[in-house]
Amino acid sequence: MKAAFFQRPVLEVAPELVGAELYVDGVGGVIVEVEAYHPDDRASHAFGNRRTKRNGAMFLAGGHAYVYRSYGIHWCLNLVCESDEVAAAVLVRALEPRRGLEAMRARRGSMADRLLCAGPGRLCQALGVTGEYDALPLGRPPFELRARQFEPELAVGPRIGLTKAADRPWRFGLAGSPYLSRAFAA
DNA sequence: CAGTGGATGCTCT
DNA sequence: GAGCATCCACTGT
């Protein structure tokens with residue numbers, strides 16, 4: 001997947017990432033859930049295009065990784081979109097494991113396979129993503145991204161775990177997938 | 001099942 | 001010093 005794919009409006013890119021494949025050092029699978037974050041959005045780490053120490057990677061060109069620590073414990077992986085002047089990103093919240101299942105189970109401990117990557121923190125743990133991956137380009141190893149090969153049935157809803165701008169329907173998922181972090185409302 | 005609370009570390013005001 | 005783009009274990013049905 002080329003950087004140009006990401007250098008478009010984030011609300012256009014995010015739904016197209018559902019069904020795409022993401023691998024980190026060969027471990028990963030099919031993305032089934034994402035959320036979009038935009039500069040006009042109080043919930044974004046780069047609200048108002050304000051650069052901070054943490055969010056630097058969001059100001060790179062579309063096609064880079066933005067990895068941050070969540071609740072002091074977990075890592076969360078974003079795919080940076082748009083340009084160096086518009087700090088937007090897509091949070092990868094869940095994927096259906098396809099390759100490297102043994103590595104995922106080893107990193108996460110023995111859990112049901114449907115929970116290996118069901119949530120942004122779990123996903124990073126399973127794929128081995130840490131802060132060292134922040135600001136890396138997505139177009140070459142350790143990352144590998146493949147555009148979706150099918151037209152998925154999309155589910156849309158409000159984003160999860162927010163207090164600010166919690167009403168915006170910027171969560172996109174593969175309808176009915178058992179690998180979601182949470183089901184979408186009917 | 002649903003709901004609650006603790007762990008944990010960094011960013012930002 | 002407050003507040004998290006979370007997860008898990010534990011409680012009580």
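Please read these numbers as outputs of a predicted model, since none were measured by experiment. To find a chain, count down the sequence lines: A is the first, B the second, and so on, and within it residues start at 1.
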### Members of residues 89-99 of chain A that approach DNA chain C, where some heavy atom sits under 4.0 Å away
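Residues of residues 89-99 of chain A under 4.0 Å from DNA chain C: A/Leu91, A/Arg93.
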### Task
Mind running a 4.0 Å heavy-atom check of residues 121-128 of chain A against DNA chain C and sending the residues that fall below it, in number order?
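Close to the strand are A/Gly121, A/Arg122.
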### Task
Determine, stepwise, if the pair A/Arg69 / A/Trp75 fulfils side-chain contact (heavy atoms from CB on, under 4.5 Å).
CA-CA 5 Å; A/Arg69 204 191 268 286; A/Trp75 297 103; 3.4 Å; yes
### Message
Count I, L, V, M, F, W, Y as connected when their side-chain heavy atoms are under 4.5 Å apart, and connections chain through other members. Are A/Leu91 and A/Ile73 then in the same cluster?
### Response
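Shared cluster, no.
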### Message
Using a 4.0 Å heavy-atom cut-off, does A/Thr163 contact any base of the nucleic acid, only the sugar-phosphate backbone, or nothing at all?
### Response
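Since only primed, P, OP1 and OP2 atoms lie under 4.0 Å of A/Thr163, the category is sugar-phosphate.
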### Message
Once you apply a heavy-atom cut-off of 4.0 Å, does A/Arg182 come out as touching a base, just sugar-phosphate, or nothing?
### Response
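Nothing, no nucleic acid heavy atom in range.
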### Query
Who are the ring-ring contact (aromatic ring centres under 6.0 Å, His included) partners of A/Tyr68, not counting sequence neighbours?
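Here the qualifying residues are A/His45, A/Tyr66.
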Less than 4.5 Å apart, any side-chain heavy atom of [X] and any of [Y]?
X        : Y        : answer
A/Val92  : A/Asn78  : no
A/Arg105 : A/Leu116 : yes
A/Glu153 : A/Ser177 : no
A/Val156 : A/Phe184 : no
A/Leu162 : A/Tyr37  : yes

### Task
Shoot me the first and last contacting nucleotide of DNA chain C against chain A, ordered 5' to 3', at under 4.0 angstrom to non-hydrogen atoms.
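Listed 5' to 3', the contact boundaries are C/dC4 to C/dC8.
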### Query
Can A/Asp41 and A/Lys164 be counted as an ion pair, charged N to O under 4.0 angstrom?
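Here A/Asp41 does not pair with A/Lys164 in a salt bridge, since their nearest N and O are not under 4.0 Å apart.
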### Query
Any ion pair linking A/Arg99 and A/Glu144 (charged N to carboxylate O, less than 4.0 Å)?
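Between A/Arg99 and A/Glu144 there is a salt bridge, with a charged N closer than 4.0 Å to a carboxylate O.
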#### Entry: Pairs where residues 83-94 of chain A contributes a residue and the test salt bridge (Lys or Arg N to Asp or Glu O under 4.0 Å) is met, not counting sequence neighbours
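Salt bridge (Lys or Arg N to Asp or Glu O under 4.0 Å) check on residues 83-94 of chain A returns A/Glu33-A/Arg93, A/Glu35-A/Arg93.
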Report the distance from atom [atom1] of [X] to atom [atom2] of [Y], rounding to the nearest 0.5 Å.
X        : Y        : atom1 : atom2 : answer
A/Cys76  : A/Leu123 : SG    : CG    : 9.0 Å
A/Met58  : A/Cys81  : CE    : SG    : 9.0 Å
A/Phe143 : A/His64  : CZ    : NE2   : 10.5 Å

### Message
Under the criterion side-chain contact (heavy atoms from CB on, under 4.5 Å), I'd like the reasoning laid out for A/Arg108 against A/Arg122: C-alpha separation, chi angles, the key distance, then a yes or no.
### Response
CA-CA 8 Å; A/Arg108 295 226 356 101; A/Arg122 290 166 173 160; 3.6 Å; yes
### Task
With a 4.0 Å heavy-atom cut-off, tell me which residues in residues 27-45 of chain A come close to DNA chain B, sorted by residue number.
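Under 4.0 Å from DNA chain B: no residue of residues 27-45 of chain A.
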### Strand contacts (DNA chain B) in residues 53-85 of chain A, 4.0 angstrom heavy-atom criterion
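Residues of residues 53-85 of chain A under 4.0 Å from DNA chain B: A/Lys53, A/Arg54, A/Tyr71, A/Gly72, A/Ile73.
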### Message
Using a 4.0 Å cut-off to any heavy atom of chain A, which nucleotides of DNA chain B are the first and last in contact, reading 5' to 3'?
### Response
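Listing 5' to 3', DNA chain B meets chain A from B/dA7 to B/dT13.
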### Task
Please work out the stems of DNA chain C from pairs that are Watson-Crick or G-U wobble with both distances under 3.5 Å, keeping only runs of three or more consecutive pairs.
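Ordered by first number, the stems with DNA chain C (at least 3 consecutive pairs each) read B:1-7 with C:6-12, B:9-12 with C:1-4.
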### Task
Please confirm whether A/Arg8 makes a cation-pi placement over A/Phe5, using NZ or CZ under 6.0 Å from the six-membered ring centre and within 45° of the ring normal.
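Yes, a cation-pi geometry.
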### Contacts of type salt bridge (charged side-chain N to carboxylate O under 4.0 Å, His left out), residue A/Arg51, not counting sequence neighbours
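By the salt bridge (charged side-chain N to carboxylate O under 4.0 Å, His left out) rule, A/Arg51 matches no residue at all.
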Just list the side-chain donor-acceptor pairs under 3.5 Å for residues 17-30 of chain A, sequence neighbours left out, or say none.
from, atom 1, to, atom 2, distance (Å)
A/Glu21, OE1, A/Tyr23, OH, 2.6
A/Asp25, OD2, A/Tyr133, OH, 3.3

### Query
Do you know the tightest heavy-atom contact between A/Ala57 and A/Val80?
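Closest heavy-atom pair between A/Ala57 and A/Val80: O-CG2, 3.5 Å.
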### Message
Going by side chain to side chain contact (heavy atoms under 4.5 Å, CB included), name the residues that satisfy it together with A/Pro9, two or more places apart in sequence or in a different chain.
### Response
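Checked A/Pro9 against side chain to side chain contact (heavy atoms under 4.5 Å, CB included); matches are A/Glu12, A/Glu82.
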